[in-house]
Structures are given as C-alpha cells and as structure tokens.
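In what follows, a structure is listed as structure tokens, so that the remarks can point back to it.
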Amino acid sequence: MQLFFRFSWFIVFTVSCFAVTYYSLTFLLQNINPNNPFQMKFAIAGWVVPLHFYCAGLALAICPFQLSKKLRNKSMTTHRIMGMLYVLCVLLGGISGFFMALDATGGMLAKAGFASLAILWLLFTGLALKFAMQGDVVNHQKWIYRSVALTAGGITLRVFLGVGLGYFNLPFLTVYVPAAWLSWLLNLAICELTVNRKHYINRPLFA
C-alpha cells in the first residue's frame, strides 16, 4: 500500500510539474491583453520576468527526475549533471524572483511573502549543494527535499489561485496575498513532517 501511495503521489507530482513548466514556458508567448494587469506589468519588466519564468519552470521539470530513486541509482553521473543544472536554474530563478517580489501586486505583505520564498529557495538549494559536495547524503537529501518543496510553490500557488478565483470567485487580492505565503509555507510544513519521520532515509519519498 505504501509503495502504491508513493508511486501515485510521484505520478501526480510529475504531471503537475510538467503542466506548470509548460505554463511557465508558454505564458510569455501569449498575445498581451491590455486589460490584464499582470501581462502589462510583465511586458515592461525587462529581463527579470522571462528569466524567472524559464528558469523556475525548468527547475520544476527537473525535480521528478532528481527525486526518483530508480533513475538516480541507474546513473549517478546523470543525477549529478541534472543536479547542477537544477542549482543553476534555482540560482537564476531565485535572484530574478526576488526582484519580481519587490514589485509584486498586493502590497508589502505579498512582497514579503514572495521575497522570503526567493531567499529561502536560494539558501536551501545552496545547503543541499554544500552537503552533496561534502558527501553527506542524509543532509543533502533533507535540504534538497526542502528546496523542491519551495520549487513546487509554483504548483500550489496556481492551485490556490485556481480554487480561490475560479471556484469560490473571491476577490483577487483576497486570494493572492495569502497565497504569497501559504503556497510555499504549506509545502514546507508537509516536507518537514515527511523528512523528519523515523527512518525516512530508508523509505524515500518517491519510488
């Protein structure tokens, strides 16, 4: 049952990653709607927005491959190469995300939420890289799980917006401002509950 649950969760996670990656890579290719404040803001944002969308999207697409134990055991060289690509994507996506946060819609509360996400994303990924280079597998896994939890904030953010705006028809800022915090704090809380379980290292999150 546990194996089935992990495999099912991995499939859902993978599909979600690829779906949001596709959204990230194609969003800026859409025709600009002058009545859409987000598209108008992104259109004049310069390099920051496309760098964040493309790098964060690619980082998200890499996550399922890096978390798969079977793929990791099959080729550690590929795992390391993709890991370095992930770190590079987070570095560029995190820096650009921080600058985007400074101009986020929703006032200081939303800006602080997204800025905190960007800073912690860079920090957690840096720690994961540090422990990997030291050969400390246990701590490397713990911090890469935390990094991925923040990367997956791109998924939960869109879930919050979709449910709040599309299903409940709530005002935009009523949904967007809390989502600036909850979209990654929720992921991180679930991650902490998971990685701190006894013997988690012998029972990986994904098959």
Side-chain angles (χ1 to χ4, degrees), residues 1-27 51-94 96-97 117-118 120-133 137-162 182-197 199-207:
M1 181 61 69
Q2 290 182 352
L3 180 61
F4 175 78
F5 175 78
R6 289 204 306 270
F7 180 75
S8 299
W9 177 243
F10 180 73
I11 295 298
V12 171
F13 177 73
T14 300
V15 171
S16 300
C17 285
F18 290 162
V20 175
T21 295
Y22 177 80
Y23 169 86
S24 299
L25 298 180
T26 59
F27 182 82
L51 185 63
H52 178 72
F53 272 52
Y54 295 146
C55 290
L58 182 56
L60 194 57
I62 292 172
C63 287
F65 299 101
Q66 292 301 91
L67 294 181
S68 171
K69 181 181 178 181
K70 291 181 180 179
L71 293 176
R72 184 167 64 248
N73 290 342
K74 188 174 183 179
S75 176
M76 280 302 299
T77 299
T78 301
H79 178 74
R80 293 189 181 99
I81 292 174
M82 294 189 69
M84 293 307 298
L85 179 59
Y86 174 80
V87 170
L88 177 61
C89 288
V90 172
L91 176 63
L92 298 177
S96 56
L117 168 58
L120 291 177
W121 196 27
L122 291 167
L123 176 62
F124 291 177
T125 307
L127 287 170
L129 176 62
K130 169 191 171 184
F131 287 119
M133 295 179 68
V137 176
V138 173
N139 280 309
H140 167 65
Q141 287 190 347
K142 286 183 178 181
W143 286 104
I144 204 63
Y145 285 148
R146 290 168 180 140
S147 171
V148 169
L150 298 186
T151 305
I155 298 172
T156 46
L157 174 63
R158 284 156 183 84
V159 171
F160 274 115
L161 294 178
L182 294 177
S183 60
W184 59 273
L185 282 175
L186 178 61
N187 291 358
L188 197 56
I190 295 173
C191 178
E192 288 303 312
L193 290 173
T194 304
V195 300
N196 287 306
R197 287 175 57 189
H199 304 313
Y200 93 96
I201 198 67
N202 293 321
R203 300 195 321 195
L205 295 179
F206 300 101

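Only heavy atoms go into these numbers, but all of them, side chains included; no hydrogens, no water, no symmetry mates.
At most 12 heavy atoms of other shown residues, nucleotides or ligands fall within 6.0 angstrom of atom CE in Met133.
Taking CG from Leu185 and SG from Cys191, the interatomic distance works out to 12.5 Å, rounded to the nearest 0.5 Å. Separating the CZ atom in Phe124 from the CD1 atom in Ile144 is a distance of 11.5 Å, to the nearest 0.5 Å. Between Leu67 atom CG and Cys17 atom SG the span is 8.0 Å, to the nearest 0.5 Å. Atom CG in Leu120 sits 10.5 Å away from atom CG in Leu127 (nearest 0.5 Å). Between Leu51 atom CG and Leu92 atom CG the span is 5.0 Å, to the nearest 0.5 Å. Rounded to the nearest 0.5 angstrom, Leu85 CG and Phe65 CZ are separated by 11.5 Å.
Every residue meeting the side chain to side chain donor-acceptor pair (under 3.5 Å) condition with Ser75, not counting sequence neighbours, appears here in chain and number order: Thr78. In this view, Tyr22 satisfies the ring pair (Phe, Tyr, Trp, His ring centres under 6.0 Å) rule with no residue, not counting sequence neighbours. Applying the side chain to side chain donor-acceptor pair (under 3.5 Å) test to Trp121 and every residue at least two apart in sequence or in another chain returns Thr151.
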Query raised in the report: Step by step, would you call Arg72 with Gln66 a side-chain contact (heavy atoms from CB on, under 4.5 Å)?
Result: CA-CA 7 Å; Arg72 184 167 64 248; Gln66 292 301 91; over 6 Å; no
Report task. Show your working on side-chain contact (heavy atoms from CB on, under 4.5 Å) between Leu129 and Trp143 and close with a plain yes or no. Result -> CA-CA 9 Å; Leu129 176 62; Trp143 286 104; over 6 Å; no
Requested in this report: May I have the step-by-step check of side-chain contact (heavy atoms from CB on, under 4.5 Å) for Tyr145 and Thr194, ending in yes or no?
Outcome: CA-CA 9 Å; Tyr145 285 148; Thr194 304; over 6 Å; no
Report task. Go through the steps to decide whether Tyr86 and Val148 satisfy the test side-chain contact (heavy atoms from CB on, under 4.5 Å), and finish with yes or no. Result -> CA-CA 10 Å; Tyr86 174 80; Val148 169; 4.0 Å; yes
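Ring geometry for His140 against His79 counts as perpendicular: the plane angle is over 60°, on a 0 to 90° scale with 30° as the lower cut.
Closest non-hydrogen pair, Met82 versus Ile62, comes out as O-CG2, 3.9 Å. When all heavy atoms are compared, the tightest approach of Gly93 to Cys55 is N-CB, 3.8 Å. The nearest pair of heavy atoms linking Ile155 to Ser16 is CD1-CB, 3.7 Å. Phe18 and Ala61 make their closest contact through CE2-O, 3.6 Å (heavy atoms, listed as atom of the first residue, atom of the second, distance).
Checking side-chain atoms of Ser68 against main-chain N and O of Pro64 turns up no donor-acceptor pair under 3.5 Å. Checked by atom type and distance alone, the side chain of Thr125 never pairs as donor or acceptor with a backbone atom of Leu122 at under 3.5 Å. Here the side chain of Ser183 pairs no donor or acceptor atom with the backbone of Thr156 at under 3.5 angstrom.
Side-chain contact check for Leu25 versus Phe53: every heavy-atom pair is 4.5 Å or farther apart.
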